[in-house]
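Computed from a predicted model, the values in this text were never measured in an experiment. Proteins come first, then strands; the chains are lettered A, B, ... in the order of their sequence lines, and each starts at number 1. As a basis for the values below, the full set of heavy atoms in this structure was taken, side chains included, without hydrogen atoms, waters or symmetry mates.
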Amino acid sequence: MLFTWKQTLAAELAGRIRDRYGIEHRPVAEVPPRRALGDLAFPAPLHLARELRRPPRQIAEELAGSWELPAGVRALRVEGAGYLNFSFARSAFAAGLLAAPPIAPTAPAGAPKIVVEHTNINPNKAAHVGHLRNAVLGDLLGRSLRALGHPVEIQNYIDDTGVQLADVVVGFLDLEPTSLAEIRALPEPFDYHCWDLYARVGRWYEEDPARLERRRETLHALEAGTGERAQAARLIARRIVGRHLGTMARLGIGYDLLTRESDILGLHFFDHAFQQLRERGAVRLEADGKNAGCWVMPLADVAEFAGLEDPDKVIVRSDGTITYVGKDIAYQLWKFGLLGKEFAYRYWMEQGVWETAAEGAENPPAFGHAGRVINVIDARQSYLQRIVRAGLEALGHPEAAANSVHFAYEMVSLSAATARQLGQAVGEEEGRSVEMSGRKGIGVKADDLLDRLVEKAREQVAQRHRDLPRPELQRLAEQIAAAALRFFMAKATTSRVIVFDLDEALAFEGETGPYLQYSLVRGRNIQRKLAAAGLPAELDPAAAAALPEELWSDDLWELVHLAAGATEAVEKAASTLELSLVARHALELAQRFHALYHHHPVLHEEDPALRAVRQTAFQTAMRALGGLCELLGIEEPERM
RNA sequence: GCGCCCGUAGCUCAGCUGGAUAGAGCGACGGCCUCCGGAGCCGUAGGUCAGAGGUUCGAAUCCUCUCGGGCGCACCA
């Protein structure tokens, strides 16, 4: 709603500037700090002042003069240093807002498919809170793009031929010999078992580096895909992925496709890409030096890699195994449909998701062939992502490289207090936070955190609602726990490290997910009470349009104005990849609603017109908040 | 050494491509449930926007430098 008005008025203003001064200017729109100043402000006169060498207010007056205001605009005034401020007809505006979806699509028809890759947890141990940040952001991005009208495909990459999985295989077969049948029979939580085992393997290597030979041997076996080690790896990876999907399902996070690295190798995707790299001279076999025997991608000539100590990246190790980057270049090519090869697919029934396979189902969905690819990967891997792009460039696909977006967010570390609770010794000199480490087994497991959140939520709900049936209590607690966790991850600016603190994450008051849910529950209760009193629970746009303009107080109008900005907040979040904007906007709506809630009773207002104005304001706010919460993966509980 | 990110209230953080009086949450203190649910609301205290230059009518925001802190620059990912 605001979005379209901005465009309309900006276009009109640009025309007037052109006609009057012969200048091409793209006016930007702002929201004035106080509603009394107006609803939409254009500082264009301030920007034009220098070029025209005239006072901005004078320019503003000239531009405002004789402007025939379109229907829906109530006033145009010159304010402050020379702003052009528009005010809207409030009832009509509210009616328009109620008639449109709370988050309105902005993507052009026929927009190309966007592949979003996220989660990508190594299938060798339990998910921790760092992985949650990735999955929550990825899911929020996917939902936001979909709401804006883009075709979206969510992929979760399963690195089932990498070093990390190999290490757990070594743990099971060499360190603590376990048969396949025994691995299969291990009780849940299997991923917790592997979490500890992985840390033990790390220490085992340190005791005697000669044991790293077992890793090399295993890595070869995983790439070849045959023998006991490969079989063990398949079993372990499958069980772990099942656990990861279960963890994510608790948060409402799902995927369209699991891409397995073993299929990239097994179906010769890598061989194919590697051959192209060789033909183009993008890789070379090193005869001597520290990379002797390796195939490397030389990056010395690429400007963005200037200044690196070692400007070469190893693609194929001297023992013939392939690094992650090498495999990722092939994967990235496939995402764009540029590899000239296709996966087979099968449906993973129990998990309700497709996965790649060597042989598969008859008529799978059309995966891949994206116009744009967004990889949600933490900022520490920026260097690797740049190499993948350089690989696409080297293969003669500059447009694909340009459409390969690395959505980089900062990592999650642990607060000193939380690290101590985990039994980590934290010295004063170690600073204020501790980095998580799968190798060392340091981290807060996602399921542990969720369990604690559910437990706390259950206590809180039970306190307020005695005699609630156990299943309903559990259901409500899970909804609240998921909201708390997702909002905690979503509200942080992506460029900031999250110092994860358990007490902070367990908060249900203030800027939290449950606070948003409480707004929704309150809003819903107003509707219920209205209905019980024989009044309409919801007003339609026509009823809103007929409301007397003078009954709109500035504070209620402000709420409508805020609701109208929801689409723009989402659009901006998606286009800049600053997804916290979605969470921030939802929070602001909820805060404003709570504040007004106490001052503007609906049910107890006797004047029907005034009651309808309040109801309209709250209804627009709840619709917008509901829409934003849907993107955030925050459900509206029946009660809380 | 080179590159990226961060430095705003006691703590955790917003502050949108420069613009109208620097804002929230937590914590502290003081109020508000015969009234749509107190997971809420209202109020008070609390800021040299790390520091120094520069650009501009205007800088927390842009540029340069300095000082702190984090992360990269593997035959891990």
* Atom NE2 of A:His465 to atom C1' of B:A39: distance rounded to whole Å? ->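 So the two atoms are 10 Å apart, to the nearest Å.
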
* Between B:G70, B:U21, B:C76, spot the one nearest the side chain of A:Arg34, thanks. =>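 Closest nucleotide to the A:Arg34 side chain: B:U21.
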
* To do: Have a look at A:His47 and say if it touches a base, only the backbone sugar-phosphate, or nothing, with a 4.0 Å heavy-atom cut-off.
  =>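 Counting heavy atoms under 4.0 Å across all strands, the contact made by A:His47 includes a base.
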
* **Rounded distance (Å) that lies between atom P of B:C76 and atom CG of A:Asp328** =>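 Value for this atom pair: 15 Å.
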
* Asked: So, is A:Arg522 close to the B:G38 phosphate, meaning a side-chain N or O under 4.0 Å from OP1 or OP2?
  ->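 So the side-chain polar atoms of A:Arg522 do come within 4.0 Å of the phosphate oxygens OP1 or OP2 of B:G38, strictly under.
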
* Counting any heavy atom closer than 4.0 Å, what does A:Val163 reach on the DNA or RNA strands: base, sugar-phosphate only, or nothing? ->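 Touches sugar-phosphate only.
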
* Asked: If each of A:Asn85 and A:Lys313 is mapped to the nucleotide of RNA chain B with the nearest heavy atom, which maps nearer the 5' terminus, i.e. the 5' end?
  ->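 That would be A:Asn85.
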
* Asked: Say you pick atom C1' in B:U56 and the same atom in B:U8; how far apart are they, in whole Å?
  ->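 Their C1' atoms lie roughly 23 Å apart.
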
* Name the closest nucleotide to the A:Arg639 side chain, picking from B:C41, B:G37, B:C36. =>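 The listed nucleotide nearest to A:Arg639's side chain is B:G37.
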
* Asked: Counting side-chain heavy atoms from CB outward, which of B:C41, B:C36, B:A77 is closest to A:Leu384?
  ->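 Taking heavy atoms from C-beta onward, the closest nucleotide is B:A77.
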
* Whether A:Tyr515 and A:His594 hold their rings parallel, tilted or perpendicular, with breakpoints at 30° and 60° ->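 Tilted: the ring planes of A:Tyr515 and A:His594 meet at 30° to 60°.
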
* Asked: Which part of the nucleic acid does A:Val521 contact within heavy-atom distance under 4.0 Å: base, sugar-phosphate only, or nothing?
  ->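 If one applies the 4.0 Å heavy-atom cut-off, A:Val521 turns out to touch a base.
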
* Asked: Between atom CE in A:Met436 and atom C1' in B:C71, what is the gap in whole Å?
  ->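 One finds 14 Å between C1' of B:C71 and CE of A:Met436, rounded.
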
* In Watson-Crick or G-U wobble terms, both distances under 3.5 Å, what is the partner of B:G40? ->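 Looking at the geometry, B:G40 pairs with B:C32.
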
* Is A:Ala292 touching bases, backbone alone, or none of the nucleic acid, heavy atoms closer than 4.0 Å? ->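 Counting heavy atoms under 4.0 Å across all strands, the contact made by A:Ala292 includes a base.
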
* To do: Evaluate side chain to side chain donor-acceptor pair (under 3.5 Å) for A:Thr321 paired with A:Arg317, printing each intermediate quantity in order.
  => CA-CA 5 Å; A:Thr321 57; A:Arg317 302 182 184 103; 2.9 Å; yes

* Give a yes/no answer on whether the side chain of A:Asn525 brings an N or O atom under 4.0 Å of OP1 or OP2 in B:G37. =>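 For B:G37, OP1 or OP2 has a side-chain N or O of A:Asn525 closer than 4.0 Å.
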
* **Minimum side-chain heavy-atom gap A:Arg386-A:His406 below 4.5 Å** =>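 A side-chain contact is absent here, since even the closest heavy-atom pair is not under 4.5 Å.
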
* Of the nucleotides B:C76, B:U12, B:U17, which has the atom closest to the A:Thr323 side chain? ->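 The nucleotide sitting nearest to the side chain is B:C76.
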
* Base, sugar-phosphate alone, or nothing: which one does A:Leu581 contact when heavy atoms must sit under 4.0 Å apart? ->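 Result for A:Leu581 = nothing.
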
* Report the distance from atom CG of A:Asp160 to atom P of B:A77, rounded to the nearest whole Å. =>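 Value for this atom pair: 13 Å.
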
* **Shortest side-chain distance from A:Met640, nucleotide among B:C5, B:C75, B:A39** =>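 Side chain of A:Met640 sits closest to B:A39.
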
* Between the base of B:A39 and the side chain of A:Arg464, is there any donor-acceptor pair under 3.5 Å? ->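 Answer is yes: a donor-acceptor pair is held.
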
* Stepwise side chain to side chain donor-acceptor pair (under 3.5 Å) check, A:Arg528 with A:Asn525 -> CA-CA 5 Å; A:Arg528 288 199 185 109; A:Asn525 278 343; 2.8 Å; yes

* Report the distance from atom CD of A:Gln479 to atom P of B:A39, rounded to the nearest whole Å. =>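 Computing the A:Gln479:CD to B:A39:P distance gives 18 Å.
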
* Decide yes or no on side chain to side chain donor-acceptor pair (under 3.5 Å) for A:Arg389 and A:Gln385, but give the supporting numbers first. => CA-CA 6 Å; A:Arg389 282 171 51 132; A:Gln385 283 292 300; over 6 Å; no

* Asked: Within the pair A:Arg380 and B:C73, is there a side-chain N or O less than 4.0 Å away from OP1 or OP2?
  ->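 It does not, given that no N or O in the side chain of A:Arg380 lies less than 4.0 Å from OP1 or OP2 of B:C73.
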
* Considering only atom P, compute the distance from B:G47 to B:C65 and round it to an integer number of Å. =>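 It works out to 32 Å between them.
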
* On a whole-Å scale, what distance lies between the P atoms belonging to B:C29 and B:G68? ->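 Per the computed distance, 38 Å lies between those P atoms.
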
* To do: Classify the nucleic acid contact of A:Ala595 as base, sugar-phosphate or nothing, counting any heavy atom under 4.0 Å across all strands shown.
  =>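 Sugar-phosphate contact only - A:Ala595 comes under 4.0 Å of backbone atoms but never of a base.
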
* Roughly how far apart, to the nearest Å, are B:U66 and B:A74 at atom P? ->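 Going atom to atom, P in each nucleotide, I get 25 Å.
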
* To do: Test for a donor-acceptor pair under 3.5 Å between the base of B:C75 and the side chain of A:Ser318, counting only N and O atoms.
  =>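 Checked by distance alone, the answer is yes.
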
* Nearest-nucleotide comparison on RNA chain B, the residue closer to the 5′ end among A:Pro32 and A:Glu509 ->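 Between the two, 5'-proximity favours A:Pro32.
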
* Between B:G40, B:A20, B:C36, which one does the side chain of A:Tyr518 approach most closely? ->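 Selected nucleotide (nearest to the side chain): B:G40.
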
* If you look at every strand shown and take non-hydrogen atoms under 4.0 Å, does A:His600 touch a base, only sugar-phosphate, or nothing? ->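 Here A:His600 touches the bases of the nucleic acid.
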
* To do: Considering only atom P, compute the distance from B:C62 to B:C6 and round it to an integer number of Å.
  =>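 The same atom, P, in both gives a distance of 10 Å.
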
* Asked: B:A77 phosphate, OP1 or OP2: any side-chain N/O from A:Tyr198 under 4.0 angstrom?
  ->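 Indeed not, no polar side-chain atom of A:Tyr198 lies that close.
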
* For A:Tyr515, which contact category applies under a 4.0 Å heavy-atom criterion: base, sugar-phosphate, or nothing? ->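 Counting heavy atoms under 4.0 Å across all strands, the contact made by A:Tyr515 is with sugar-phosphate only.
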
* Taking the side chain of A:Tyr597 as heavy atoms from C-beta outward, which of B:C36, B:C13, B:A39 is closest to it? ->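 Selected nucleotide: B:C36.
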
* To do: Please tell me which of the listed nucleotides, B:G38, B:A77, B:G70, lies nearest to the side chain of A:His598?
  =>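 Of the candidates, B:G38 comes closest.
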
* Asked: Within the structure shown, what part of the strands sits under 4.0 Å from A:Asp501 by heavy-atom distance: base, sugar-phosphate, or nothing?
  ->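 No contact.
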
* In the structure shown, which nucleotide is the Watson-Crick or G-U wobble counterpart of B:C62, with both distances under 3.5 Å? ->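 Because both required distances fall under 3.5 Å, B:C62 counts as paired with B:G54.
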
* To do: Round to a whole Å and report the spacing from CG of A:Asn375 to P of B:A77.
  =>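 Atom-to-atom, A:Asn375 to B:A77, this comes out as 16 Å.
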
* Taking atom P in both B:G40 and B:A24, what distance in whole Å separates the two? ->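 Rounded to whole Å, the distance is 16 Å.
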
* What nucleic acid atoms does A:Lys491 come within less than 4.0 Å of, heavy atoms only: base, sugar-phosphate, or nothing? ->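 Result for A:Lys491 = nothing.
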
* For B:C33, is chi within 90° of 0 (syn) or not (anti)? ->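 That one's syn.
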
* To do: Would you give the length of the straight line joining atom CG of A:Asp159 to atom CG of A:Asn122, rounded to the nearest 0.5 angstrom?
  =>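 If I round to the nearest 0.5 Å, the distance is 5.0 Å.
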
* To do: Report yes if the distance between the aromatic ring centroids of A:Phe274 and A:Trp295 is under 6.0 Å, otherwise no.
  =>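 A:Phe274 vs A:Trp295: aromatic centres under 6.0 Å.
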
* Could you please spell out the steps behind the ring-ring contact (aromatic ring centres under 6.0 Å, His included) verdict for A:Tyr518 and A:Phe508? => CA-CA 10 Å; A:Tyr518 192 53; A:Phe508 288 171; over 10 Å; no

* **C1' gap between B:C11 and B:C71, integer Å** =>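 Here B:C11 and B:C71 have their C1' atoms 24 Å from each other.
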
* Asked: Angle class for the A:Tyr157/A:Tyr331 ring planes (parallel below 30°, perpendicular above 60°, tilted otherwise)?
  ->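 Geometry flag for A:Tyr331 against A:Tyr157: parallel rings.
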
* C1' atoms of B:G10 and B:A45, separation to the nearest Å ->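 That atom pair is separated by 12 Å.
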
* Does any non-hydrogen side-chain atom of A:Phe270 lie less than 4.5 Å from one of A:Ile315? ->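 Yes - at least one pair of side-chain heavy atoms lies under 4.5 Å apart.
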
* Phosphate-side-chain proximity, A:Ser495 and B:C6, N/O vs OP1/OP2 below 4.0 Å ->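 Checking A:Ser495 against B:C6: at least one side-chain N or O falls below 4.0 Å of OP1 or OP2.
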
* Asked: Considering only side-chain heavy atoms of A:His604, which listed nucleotide, B:A20, B:C75, B:C35, is closest?
  ->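 Of the candidates, B:C35 comes closest.
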
* Asked: Taking the side chain of A:Gln591 as heavy atoms from C-beta outward, which of B:A24, B:A20, B:G37 is closest to it?
  ->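 Within the option list, the nearest is B:A24.
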
* Asked: NA contact type, A:Pro43, heavy-atom cut-off 4.0 Å: base, sugar-phosphate, or nothing?
  ->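 No contact.
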
* **Whole-Å gap separating P (B:G25) and CD1 (A:Ile498)** =>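 Rounding to the nearest Å, CD1 of A:Ile498 and P of B:G25 are 20 Å apart.
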
